[in-house]
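Heads up, the thing below is written out as structure tokens.
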Amino acid sequence: EDQVTQSPEALRLQEGESSSLNCSYTVSGLRGLFWYRQDPGKGPEFLFTLYSAGEEKEKERLKATLTKKESFLHITAPKPEDSATYLCAVQGGNNDMRFGAGTRLTVKP
Amino acid sequence: NAGVTQTPKFQVLKTGQSMTLQCAQDMNHNSMYWYRQDPGMGLRLIYYSASEGTTDKGEVPNGYNVSRLNKREFSLRLESAAPSQTSVYFCASGTSLGVEQFFGPGTRLTVL
């Protein structure tokens with residue numbers, strides 16, 4: 001069965017303090033690994049899709065990387081507006097989408 | 001361009017009542033999805049529709065039915081609501097399977 005585990009559950013950073021969020025997964029026939037950002041009371045907002053090991057994508061202060069077993073979301077010099085829950089999801093060969101429980105990020109000024 | 005819209009935003013039901021959650025997208029997407037989100041459990045896929053005319057079960061389909069009314073609309077029906085179905089429900093759409101999804105604002109459902 002496809003599984004996604006995200007760590008840590010919660011992360012508190014000072015503004016400018018870089019860090020990484022982890023997403024470990026097991027899936028049969030990876031079709032894609034996705035990162036989303038979710039603000040309280042809202043639907044998830046798409047950030048990145050990664051399709052194969054070694055792939056990297058960047059957007060402003062965020063960079064996503066992928067290996068055969070895990071993905072990292074690196075946050076460089078975060079700002080308070082980066083505070084949100086970050087969700088990782090995988091879609092396998094059976095087309096089912098599995099989400100992790102998320103990492104709740106708080107960035108203090 | 002409204003993206004993905006969901007109605008209603010909030011709903012309170014009594015155990016045994018039925019209701020339909022509506023979802024529509026105006027992005028000409030082929031694939032549509034229904035998820036539920038519970039605290040500490042992340043999003044779980046209920047049903048999805050890869051294209052107009054097809055629907056498939058996801059991880060947690062029991063107690064739900066879906067209808068892909070046309071390319072734009074995908075509804076979720078609870079025939080006999082149970083307290084365990086108290087959750088936030090999200091609809092999403094994408095150009096196809098295996099690509100990014102765009103989410104609606106959610107429906108917060110409470111079953112008493």
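No hydrogens, no waters, no symmetry mates; every other heavy atom, side chains included, goes into these values. Throughout, protein chains are lettered first and strands after them, A, B, ... in sequence-line order, and every chain is numbered starting at 1.
Closest non-hydrogen pair, B:Leu97 versus A:Gln91, comes out as C-OE1, 3.7 Å. Summarising the geometry of B:Glu100 relative to A:Phe34, their closest heavy-atom pair is N-CE2, 3.6 Å, with the distance given to 0.1 Å. Across all non-hydrogen atoms, the minimal contact from A:Gly43 to B:Phe90 is CA-CE2, 3.3 Å. B:Gly58 approaches A:Asp96 most closely through the heavy-atom pair CA-OD1, 4.1 Å.
Under a hydrophobic clustering in which Ile, Leu, Val, Met, Phe, Trp and Tyr are joined whenever their side-chain heavy atoms come within less than 4.5 Å, directly or via other members, A:Val90 and A:Phe72 fall into different clusters. With hydrophobic clusters built from ILVMFWY side chains whose heavy atoms lie under 4.5 angstrom apart, A:Met97 does not share a cluster with B:Tyr89. Hydrophobic clustering of Ile, Leu, Val, Met, Phe, Trp and Tyr side chains at less than 4.5 Å, counting indirect connections, keeps A:Val4 apart from A:Phe46. Grouping the Ile, Leu, Val, Met, Phe, Trp and Tyr side chains by contacts below 4.5 angstrom, directly or via other members, places B:Val88 with B:Tyr33. Taken together through direct or relayed side-chain contacts under 4.5 Å among Ile, Leu, Val, Met, Phe, Trp and Tyr, A:Leu47 and A:Leu21 form part of one hydrophobic cluster.
Atom CD of B:Gln37 and atom OG1 of A:Thr85 lie 8.5 Å apart (nearest 0.5 Å).
Other residues, nucleotides and ligands contribute at most 12 non-hydrogen atoms within 6.0 Å of the CD atom of A:Glu9. Residue B:Arg108 places its CZ atom among 12 or fewer non-hydrogen atoms of other residues, nucleotides or ligands, all under 6.0 Å distant. For A:Arg61, the CZ atom sits in a packed shell: over 12 heavy atoms of surrounding residues, nucleotides or ligands are nearer than 6.0 Å.
Contact of B:Phe102 with chain A is not made at all, since no heavy-atom distance falls under 4.5 Å. Using a 4.5 Å cut-off between heavy atoms, B:Val4 does not touch chain A at all. With a threshold of 4.5 angstrom between heavy atoms, A:Asn94 approaches chain B through N, CA, C or O but not through any side-chain atom.
Note on A:Tyr51, A:Phe99, A:Phe48: by heavy-atom pairs under 4.5 Å with chain B, the leading option is A:Phe99. In terms of heavy-atom pairs under 4.5 Å with chain B, the best-connected choice from A:Arg31, A:Glu45, A:Gln6, A:Lys42 is A:Arg31. Here B:Glu59 is the residue among B:Gln6, B:Lys57, B:Glu59, B:Met41 with the most heavy-atom pairs under 4.5 Å with chain A.
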Worked verdict on A:Asn95 versus B:Asp56 for side-chain contact (heavy atoms from CB on, under 4.5 Å): CA-CA 9 Å; A:Asn95 294 326; B:Asp56 285 287; over 6 Å; no
